Amino acid sequence: MAYKTEDLYKKAIDAIKSNNLFFLTDVYSYLGISHDTFYKHFPLESEKMDAIKEAIEKNKARTKISIRSKLHSSTSPTGLLALYKLICTPD
């Protein structure tokens, strides 16, 4: 089956945003294409791949912030210890 790169790109960005995807494997699995097809249309050093990776990183950052916020408002000692371990430094 022949795929149009621009169509796949739009679907990939939409899938990442609407399904909170975190990994490239999630993206091409969600699109229903193979690993080879995905990388054929989006080589590692391309602007479209950079945009796809950036959208994934935004999801990861947003989720990390949400988790830390939930831990911060937690009254559970386990939750507070988990937050402490996440934010503590050697100092």
Side-chain angles (χ1 to χ4, degrees):
M1 176 179 224
Y3 296 101
K4 293 183 180 178
T5 300
E6 195 59 36
D7 291 343
L8 285 176
Y9 174 72
K10 288 176 184 175
K11 288 178 182 179
I13 294 295
D14 182 54
I16 292 165
K17 290 179 180 180
S18 61
N19 297 290
N20 206 30
L21 302 180
F22 298 126
F23 304 102
L24 289 174
T25 54
D26 294 340
V27 176
Y28 59 78
S29 294
Y30 189 87
L31 295 175
I33 60 175
S34 71
H35 173 273
D36 293 337
T37 300
F38 182 79
Y39 286 102
K40 178 182 170 191
H41 287 274
F42 308 111
L44 288 176
E45 302 300 323
S46 68
E47 287 183 28
K48 286 187 179 4
M49 178 60 89
D50 289 343
I52 289 169
K53 287 180 178 180
E54 184 178 323
I56 288 171
E57 287 304 314
K58 284 181 182 179
N59 281 350
K60 288 180 181 181
R62 189 173 29 257
T63 301
K64 288 176 189 177
I65 291 167
S66 173
I67 290 169
R68 287 191 298 260
S69 177
K70 288 175 185 172
L71 290 173
H72 184 264
S73 61
S74 173
T75 57
S76 160
T78 306
L80 294 172
L81 281 173
L83 178 62
Y84 178 77
K85 289 181 109 176
L86 286 172
I87 63 172
C88 71
T89 62
D91 298 339

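A quick note: this is a predicted structure, and the numbers were derived from the prediction, not measured.
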Chemist: Using atom types as modelled and distance alone, determine if a side-chain donor or acceptor of Asp26 lies under 3.5 Å from a backbone N or O of Leu21.
Modeler: no

Chemist: Does anything in residues 59-72 pair up under salt bridge (charged side-chain N to carboxylate O under 4.0 Å, His left out), and if so which pairs, sequence neighbours excluded?
Modeler: Glu57-Lys60

Chemist: Apply side-chain contact (heavy atoms from CB on, under 4.5 Å) to residues Phe42 and Thr5 and explain how you reach the verdict.
Modeler: CA-CA 8 Å; Phe42 308 111; Thr5 300; 3.9 Å; yes

Chemist: Will you find, in the side chains of Ser34 and Thr37, an N or O donor that is under 3.5 Å from an N or O acceptor?
Modeler: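 Looking only at side-chain atoms, Thr37 and Ser34 do form a donor-acceptor pair, the distance falling under 3.5 Å.
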
Chemist: Please walk me through it: do Tyr84 and Leu71 pass side-chain contact (heavy atoms from CB on, under 4.5 Å)?
Modeler: CA-CA 9 Å; Tyr84 178 77; Leu71 290 173; over 6 Å; no

Chemist: Do Leu44 and Tyr39 come close enough that some side-chain heavy atom pair is under 4.5 Å?
Modeler: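 Leu44 vs Tyr39: side chains touch.
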
Chemist: Working to the nearest 0.5 Å, report the span between CD1 of Ile52 and OH of Tyr9.
Modeler: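 Those atoms lie 6.5 Å apart.
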
Chemist: Heavy atoms, side chains only, cut-off 4.5 Å: are Ile33 and His41 in contact?
Modeler: no

Chemist: When clusters are formed by joining ILVMFWY residues with side-chain heavy atoms under 4.5 Å apart, either directly or through shared neighbours, do Leu31 and Tyr3 land in the same one?
Modeler: yes

Chemist: Donor-acceptor check, side chain of Ser69 to backbone of Ile65, threshold 3.5 angstrom: yes or no?
Modeler: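 Such a contact is absent between Ser69 side chain and Ile65 backbone.
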
Chemist: Inspect the surroundings of OH in Tyr30 and state if more than 12 heavy atoms from other residues, nucleotides or ligands are less than 6.0 Å away.
Modeler: no

Chemist: Taking the side chain as everything from C-beta on, heavy atoms only, tell me whether Leu8 gets closer than 4.5 Å to Phe38.
Modeler: no

Chemist: Applying salt bridge (charged side-chain N to carboxylate O under 4.0 Å, His left out), which residue pairs with at least one partner in residues 33-51 are found, sequence neighbours left out?
Modeler: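 Listed by first then second residue: Glu6-Lys48.
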
Chemist: Please answer: with hydrophobic residues joined when any side-chain heavy atoms are less than 4.5 Å apart, are Ile87 and Ile67 in the same cluster?
Modeler: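 Same cluster: Ile87 reaches Ile67 through Ile, Leu, Val, Met, Phe, Trp or Tyr contacts under 4.5 Å.
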
Chemist: Can a donor-acceptor pair be found, under 3.5 Å and without considering hydrogens, that links the side chain of Asn19 to the backbone of Ala15?
Modeler: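 Between the backbone of Ala15 and the side chain of Asn19 there is a qualifying donor-acceptor contact (under 3.5 Å).
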
